[in-house]
Amino acid sequence: MRVAYVRVSTAEQNEARQIEALKSYNIEKWYTEKISGKDTNREQLKLMLDFVREGDDIYVCDFSRLSRSVQDLLNIVEGLTQKGVKLVSIKENLDTSTSTGKLMLTLLGAIAEFERENILERQRQGIEIAKCQGKYKGRKKMEIDNFDEIYDEWKKGSITASAASKILNISRGTFYNKVHDKESTDGNE
């Protein structure tokens, strides 16, 4: 069976380009999702990997659609190889069932990971420059209407941090961050 995996990183992006590029390969089953490639917990990817059987061919536009991490990409390919499934990348014109394809896959995966790390590094540098210029203040503080009331109950020991978090509909970590902020500004440390 010919299977295709199509992925774009965000909901705003459109997968039409990839679908169009793969149409000529007579794909019988499609798996499509909008999620970052760095996230290994991808529902459609998992469904596809569970679905494919020996003799199946998986088609992708390029290997970065499967993963942005070399190790994850190699793990996926190793799992497919053990199942007897062939992986074909259109852009790289590679077939993982050949030794040359395996070598090139490793090199291309390393380049994709390097590219992602460069993007993140440039992003961090840009944030630092913006902070120095006073243009970047970070994420805005979450405003919670009834925090003081729930905080007082928690401080008295009437409720636990878990209960307070549930009432406020926030995580325990966020609750403790808000407690720290409140106690810092109130001088109650």
Side-chain angles (χ1 to χ4, degrees), residues 5-21 31-46 60-77 89-92 94 104-156 159-189:
Y5 179 73
V6 174
R7 182 191 61 78
V8 292
S9 298
T10 66
E12 293 80 32
Q13 292 178 328
N14 189 321
E15 64 276 2
R17 178 190 61 81
Q18 292 178 55
I19 291 171
E20 194 59 38
Y31 291 88
T32 305
E33 58 193 339
K34 296 184 177 197
I35 189 168
S36 173
K38 68 179 175 148
D39 187 351
T40 56
N41 188 21
R42 291 179 269 151
E43 183 181 347
Q44 291 298 305
L45 177 62
K46 286 181 177 183
V60 293
C61 275
D62 63 80
F63 288 123
S64 70
R65 300 302 84 208
L66 283 175
S67 178
R68 290 286 191 175
S69 156
V70 174
Q71 192 57 54
D72 290 340
L73 182 59
L74 294 176
N75 289 341
I76 290 169
V77 172
S89 170
I90 307 309
K91 180 180 177 184
E92 291 91 4
L94 289 178
M104 291 305 294
L105 172 68
T106 304
L107 294 173
L108 290 168
I111 291 167
E113 187 171 344
F114 174 74
E115 181 181 319
R116 173 146 178 79
E117 289 300 318
N118 278 340
I119 289 168
L120 293 174
E121 185 177 329
R122 287 191 302 268
Q123 183 182 37
R124 283 189 295 271
Q125 289 170 348
I127 289 171
E128 283 304 313
I129 290 168
K131 281 181 180 178
C132 290
Q133 295 174 346
K135 296 178 181 178
Y136 182 84
K137 308 273 191 268
R139 182 185 239 180
K140 291 183 180 175
K141 296 282 183 191
M142 181 186 294
E143 295 297 323
I144 302 171
D145 293 334
N146 57 340
F147 179 79
D148 289 340
E149 176 187 328
I150 302 300
Y151 168 81
D152 292 338
E153 292 295 314
W154 171 76
K155 197 71 173 171
K156 286 187 242 175
I159 60 173
T160 65
S162 293
S165 300
K166 284 182 183 173
I167 293 167
L168 296 170
N169 198 26
I170 58 175
S171 71
R172 279 185 51 197
T174 301
F175 175 74
Y176 282 121
N177 287 339
K178 298 296 272 178
V179 166
H180 180 265
D181 291 347
K182 178 172 181 52
E183 291 177 352
S184 296
T185 56
D186 290 351
N188 294 337
E189 287 191 321

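Quick note: residue numbers are just sequence positions, from 1.
Asn169 CG: 12 or fewer foreign heavy atoms inside a 6.0 Å radius. The 12-atom threshold is exceeded at OH of Tyr176, counting heavy atoms of other residues, nucleotides or ligands nearer than 6.0 Å.
Remark: side-chain polar atoms of Glu20 are not paired, donor with acceptor, to backbone N or O of Ala16 under 3.5 angstrom. In this structure, Glu33 contributes its side chain and Val8 its backbone to no donor-acceptor pair below 3.5 Å. Checked by atom type and distance alone, the side chain of Arg7 never pairs as donor or acceptor with a backbone atom of Tyr31 at under 3.5 Å.
Here CG of Asp72 is found 4.0 Å from OG of Ser67. Values are rounded to the nearest 0.5 Å. Rounding to the nearest 0.5 angstrom, the gap separating the CZ atom in Arg65 from the NZ atom in Lys91 is 8.5 Å. Expressed to the nearest 0.5 Å, how far SG of Cys132 lies from CD1 of Ile127 amounts to 12.0 Å. Between Ile144 atom CD1 and Ile167 atom CD1 the span is 12.0 Å, to the nearest 0.5 Å. Going from atom OG1 of Thr32 over to atom CD1 of Ile19 covers 5.0 Å, rounded to the nearest 0.5 Å. Atom-to-atom distance recorded for Tyr136:OH and Ile129:CD1 is 13.5 Å, nearest 0.5 angstrom.
A salt bridge links Glu183 to Lys155: one of the charged nitrogens lies within less than 4.0 Å of a carboxylate oxygen. A salt bridge links Glu15 with Lys34: the closest approach of a Lys/Arg side-chain nitrogen to an acidic carboxylate oxygen falls below 4.0 angstrom. Remark: Glu121 does not engage Arg124 in a salt bridge, criterion side-chain N to carboxylate O under 4.0 Å.
Both the sub-6.0 Å distance and the 45° axial angle are satisfied by Lys182 relative to the ring of Tyr151.
Each of Gln133, Lys135, Glu128 was compared with Lys131 under the side-chain contact (heavy atoms from CB on, under 4.5 Å) criterion, and only Glu128 meets it.
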**OP:** Check the pair Leu66, Leu45 against side-chain contact (heavy atoms from CB on, under 4.5 Å), reporting the backbone distance first and the verdict last.
**Re:** CA-CA 8 Å; Leu66 283 175; Leu45 177 62; 3.8 Å; yes
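Using modelled atom types, one finds a donor on one side chain and an acceptor on the other under 3.5 Å when comparing Arg42 with Tyr5. Side chain to side chain, Thr174 and Ser171 meet the donor-acceptor criterion of an N or O pair below 3.5 Å.
Contact detail for Trp154 and Ile159: the closest heavy-atom pair is CD1-O, 3.5 Å. Closest approach of Asp62 to Ser89, counting heavy atoms only: CA-OG, 3.3 Å.
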